[in-house]
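Report on the following structure.
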There are 4 protein chains.
Amino acid sequence: MKSNKPKYKQIIDAAVIVIAENGYHQAQVSKIAKQAGVADGTIYLYFKNKEDILISLFQEKMGSFIEKIRKGITGKETAAEKLLVMVESHFNILSEDHNMAVVTQLELRQSNKELRLKINDVLKGYFQLVDEILHFGMETGEFDPNLDIRVSRQMIFGTVDEIVTTWIMNEEKFDLVALAPSVHQLLIKAVSI
Amino acid sequence: MKSNKPKYKQIIDAAVIVIAENGYHQAQVSKIAKQAGVADGTIYLYFKNKEDILISLFQEKMGSFIEKIRKGITGKETAAEKLLVMVESHFNILSEDHNMAVVTQLELRQSNKELRLKINDVLKGYFQLVDEILHFGMETGEFDPNLDIRVSRQMIFGTVDEIVTTWIMNEEKFDLVALAPSVHQLLIKAVSI
Amino acid sequence: MKSNKPKYKQIIDAAVIVIAENGYHQAQVSKIAKQAGVADGTIYLYFKNKEDILISLFQEKMGSFIEKIRKGITGKETAAEKLLVMVESHFNILSEDHNMAVVTQLELRQSNKELRLKINDVLKGYFQLVDEILHFGMETGEFDPNLDIRVSRQMIFGTVDEIVTTWIMNEEKFDLVALAPSVHQLLIKAVSI
Amino acid sequence: MKSNKPKYKQIIDAAVIVIAENGYHQAQVSKIAKQAGVADGTIYLYFKNKEDILISLFQEKMGSFIEKIRKGITGKETAAEKLLVMVESHFNILSEDHNMAVVTQLELRQSNKELRLKINDVLKGYFQLVDEILHFGMETGEFDPNLDIRVSRQMIFGTVDEIVTTWIMNEEKFDLVALAPSVHQLLIKAVSI
DNA sequence: GATGAATGAGGGTTCATTCAT
DNA sequence: TATGAATGAACCCTCATTCAT
């Protein structure tokens, strides 16, 4: 029985599983290869080196993560609704993919500075999304026109990120998605007039 | 000329310098020993293992960090003032100690999950401080009596932490302390009625 | 536009170029295949394995090398003249083919003992040529009738080979062919009565 | 039972044995360490890397090789005698140390260009010795005053080296030392007037 | 208490060769 | 014939920790 998934995706998915199960520093290339069902050398036909797997992983996953959120907020009419959908989606997506949550929130942050800088580049897409919502809210008059966009964005991302991290560190013992409304309420109050 | 500092502190200070200058993954025990002016083996008379150095480092530094902040907020009369002092102190202390900022915000976060769990234990002292301010504000009627304490605390810590991290990742190119008022204003609006 | 050269020669020529340009240890089969304009697998339709390429290369090139020299000395009347032509030809041929010179003098000598033994087999054709000149000189009375043929041959080959190697190691900065007369003179004195 | 040899020498001697017995490309650091009776890591307390072992090996062995020969020729009165002693010593030393002979004549020549250049540096000490004998002979009138020193030296070294290599490639089946007189005679005739 | 030489486990990556198409 | 994607064995070096002095 052959897998029809192209090997590139196959390897990235394997990496997520292996990192989630073994931790960043115990995610050897050979383990990833075995999980992907390919030979060690095959990895290097699709990725320049181990770091390249991790960056690609983050890009792929975060790319579709952002895309999903963006789709969700597109139809919404008010900035408040958009923000709510963003928080809800963020929590939802990570709730539904335990491995991804562990990998992006905990494991990949153990990487070295160079890799983290590249990861930060990817995160810029998320920051941009937040900025768009903020600008929109300021235009519609929902948000304080004198907001410091940068600080507001850092508050929003910092809050959501901290909550998710805590949730994972607590072994996902509470219902993350259920927190969305109260998180949203706090954030809305902060940026409103 | 021999240092009179007890070797325990000597080694921790050396660790901060070495990690700040070389990064977490390039901070070998032998480098720390050399920086501390002791033999490699001497380290193990004062610390169980390398991880123990890092935890002790975090405990020592975070302990005095929290103490300083606690002192600052003690005299203040309103919860809002306390929160302002907390944010200002937080930014101030890290602004004045570049090495500490780099080590606690960036480098130590590259440690494995186990170590990070222990670091989180130390952070509980900080969380408690935030909780106290929140409770105080709820009692005085400054803050919303229906606040979800945990989420509010995560918002406050997440926001402050994210801003500091961004500041360091940007090579401290902007004035961190100057941001305190607008950060404070956002947070106050979030938790007020 | 396809090359009409049979692929066998095509691959050997590619190997010479790749080895000369990249060195023995950086001359991967895939590089040779790319240089030859064939697929990696095609190599194995014409050669048993990588070693077989190198031996074949040496045989082909050394074969025509010896042939050229043999032609040059055939018409000469005295052993001294023959020896002069041999040295001159040797220097000439390598001077005119930089790649070949590098490959046979430097790169192929990095091969393992087994391959070098096979290379030595090919060199026997050259040794035979020298032996013929020596015998001829001994018969004509030009050379010492009590010569130890084997030692004399090793002197002649060792001398010429050492000079060529030095010339290449010095990046061909001096005129190799111009050395032929003085080399010849030394050798003639050695073997003469 | 502890070895009292300093580990540096211990490791070099082990390297000679391992390379002689297994060949250059099969001489793994772990094998050398095991043969030396030390841990793999210990190697790196005395040598920068694997290449450093090989260069040091060559320097140490070639250094004492040249020293021995130099001592032998010092007392001799004529250039011819000096040359004889040199050839004899060269053959003698290698005859008496099979491993060294294999390592320096065959195995180390498989190293990459960079290492070979460093090996060549060491050989310059030998070349210098030959040059001294040649100059001496030219001064005493034993040798042709118009000798091309460089070519003569290359002849002498090339001849001796080729003979030793052949001897080893033939598994030392003939008596190398016994060849010294006839080799000497040839070389003397070559450089005499 | 203090030293520092010695230990030894562990992993990313290359590349000659194969074989299904 | 020709292809080229896939294979998987093999090795140098680092560094936290120990222990004889």
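Here is the naming used below: chain letters follow the sequence lines, and residue numbers restart at 1 for every chain.
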- Task: Any chance you could encode DNA chain F as dot-bracket? Rule is Watson-Crick or G-U wobble with both distances under 3.5 Å; [ ] for pairs crossing earlier ones, | for another strand.
- Result: .||||||||||||||||||||

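Partners of B:V16 by side-chain contact (heavy atoms from CB on, under 4.5 Å), not counting sequence neighbours, listed by chain and number: B:L57, B:K61, B:N99, B:V103. Checked against side-chain contact (heavy atoms from CB on, under 4.5 Å), B:N22 has the following partners two or more places apart in sequence or in another chain: B:V18, B:Q26, B:K31. Every side-chain contact (heavy atoms from CB on, under 4.5 Å) that D:N120 has, sequence neighbours left out, goes to C:M169, D:L123. Here A:K34 pairs with nothing under the side chain to side chain donor-acceptor pair (under 3.5 Å) rule; sequence neighbours left out. B:H25 is linked by a ring-ring contact (aromatic ring centres under 6.0 Å, His included) to A:H25, counting only residues two or more places apart in sequence or in another chain. In terms of the side-chain contact (heavy atoms from CB on, under 4.5 Å) criterion, residue partners of A:S30 (sequence neighbours excluded) are, by chain and number, A:Q28, A:D40.
In the set E:dT3, E:dA5, F:dA6, F:dA6 carries the atom at the smallest distance from any side-chain atom of A:K7.
Counting any heavy atom pair closer than 4.0 Å across all strands shown, D:Y46 reaches sugar-phosphate atoms only and no base atom.
Whole-Å rounding puts the C:I43 CD1 to F:dA2 C1' distance at 12 Å. If you take NZ of B:K31 and P of E:dG4, they are 19 Å apart, rounded to a whole angstrom. Rounded to whole Å, the distance from CG on A:L45 to C1' on E:dT17 is 14 Å. For the pair A:Y8 OH and F:dA5 P, the interatomic distance rounds to 17 Å; values are reported in whole Å. Taking atom CD1 on C:I32 and atom P on F:dG4, their separation rounds to 17 Å, with Å as the unit. For the pair B:N22 CG and F:dT14 C1', the computed distance is 15 Å after rounding to whole Å. For the pair B:K34 NZ and F:dC15 P, the computed distance is 14 Å after rounding to whole Å. Separating the CG atom of C:L115 from the P atom of E:dA16 is a distance of 14 Å, rounded to the nearest angstrom.
Taking both residues in full, the closest heavy atoms of A:A15 and A:I53 are given as CB-CG2, 3.9 Å, listed atom of the first, atom of the second, then distance. Heavy-atom minimum distance, A:Q10 versus A:A36: NE2-O, 3.0 Å.
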- Message: Strictly under 4.0 angstrom, non-hydrogen atoms only: write out the protein contact profile of nucleotides 9-15 of chain E, one letter per nucleotide from the 5' end, B, S or -.
- Response: --SSBBS

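Pairs engaging residues 38-61 of chain A under the ring-ring contact (aromatic ring centres under 6.0 Å, His included) rule: A:Y8-A:F47 [sequence neighbours left out].
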